[in-house]
2 protein chains.
Amino acid sequence: MPDIGDLRTRCVLPIGTVIQLTDLTARQIRYYEAQDLVHPERTAGNHRMYSLNHIDTLLEIKSQLADGFTLADIKQLMHPRHREPNSDEEVRQMLRDEMMNQSRLNQANNVRQGFGFRP
Amino acid sequence: MPDIGDLRTRCVLPIGTVIQLTDLTARQIRYYEAQDLVHPERTAGNHRMYSLNHIDTLLEIKSQLADGFTLADIKQLMHPRHREPNSDEEVRQMLRDEMMNQSRLNQANNVRQGFGFRP
DNA sequence: CGGTCAATGTCACCTATTCTAACATCTATC
DNA sequence: GATAGATGTTAGAATAGGTGACATTGACCG
């Protein structure tokens, strides 16, 4: 009898389902993994399997990308490197740069004024 | 943006996942469907897809089978045919029969005293 | 005991889904 | 225009899943 309680963290969803739930393409999902942003499990046959938390992460990535962030930025935001020299300040600088650098967003459809959090 | 809220009813799990979560075999899962006890959706490519509610149903079936019920019994229990002549009484009689008929359970491992509900 | 039925196992054959790797495209930036 | 980041596309191979048929097991019953 398996433990059904931890469904948020259990990897039960194949990539086809993830495509449906996130509206991302397989290419995108695999690329974000290659960039070290999601880490699905693998079946014995090497097929990726995702959890609901992975879905949330992917939707978050999608949202950040739409806001003009880079995958490298998002990676930093998700895994802040405390204790490493200059890293905190570097991240803050990147965020400041992003907020100043509205060029990407100006061309985009929705011109928003903030990111919901301030460095 | 898909609606992620109704995950209990959304069919997102392939049969391989269902096998893991229920500890049933593919043969059993498909047979219960053939007996009209579960009704998964199908992908465009004809692959079965299950929801969390389907998982619950399958675990319930498994439990009832372990208690000595027949798939036909379980179907009646799940879809009681009200309004049909004698059907209610028939089901009650079946339940009484099951409770009296301990032969199957005696051979089984766990000799239980009740079913949690009484007709 | 031999037959029957419900439930499950197993196998063969076919289709769908996913995998990796490589190359192409598009866009913003320098 | 060259570059880099993000994504599209395609080919070829492997895994996962589908159906259908036949075999097996264990109760039950005359």
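Letters A, B, ... mirror the listed sequences (proteins, then strands); counts begin at 1. Hydrogens, waters and symmetry mates are skipped; everything else that's a heavy atom, side chains included, is used.
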Check: T70(A) main-chain N/O paired with D73(A) side-chain donor or acceptor under 3.5 Å: yes
Interatomic distance where OH belongs to Y32(B) and C1' belongs to dG9(C) [whole Å]: 13 Å
Presence of T43(B) side-chain N/O under 4.0 Å of dA16(C) phosphate oxygens OP1/OP2: no
Nearest-nucleotide pick for R27(A), side chain only, options being dA21(D), dT17(C), dC23(C): dC23(C)
Side-chain N,O (T25(B)) to OP1/OP2 (dG9(C)) below 4.0 Å: yes
From CZ (F69(A)) to CD1 (I61(A)), nearest 0.5 Å: 13.5 Å
Distance, rounded to the nearest Å, where I19(A) contributes CD1 and dC19(C) contributes C1': 12 Å
Nucleotide dG17(D), atom P - distance to CD of Q20(B) in whole Å: 9 Å
Heavy-atom pair with the smallest gap, counting every atom of H39(A) and H54(A): O-NE2, 3.3 Å
Q64(A) CD to dG5(D) C1', straight-line distance once rounded to whole Å: 17 Å
Nucleotide nearest R42(B) when distance is taken to its side chain, options dC22(D), dG18(D), dT17(C): dG18(D)
Nearest atoms (heavy-atom pairs only) where P14(A) meets V12(B): CD-O, 4.0 Å
Residue whose closest nucleotide on DNA chain C lies nearer the 5' end, G45(B) versus Y50(A): G45(B)
Interatomic distance where OH belongs to Y31(B) and C1' belongs to dT19(D) [whole Å]: 16 Å
Interatomic distance, R30(B) CZ vs dG18(D) P [rounded to whole Å]: 5 Å
Atom pair CG (L21(A)) and CG (L58(A)), whose distance is rounded to the nearest 0.5 Å: 10.0 Å
Position toward the 5' end of DNA chain D (nearest nucleotide), L65(A) or R48(B): L65(A)
Between P of dA7(C) and CD1 of I61(B), the distance in whole Å: 11 Å
Protein-nucleotide distance (Q28(B), atom CD; dG18(D), atom C1'), rounded to Å: 18 Å
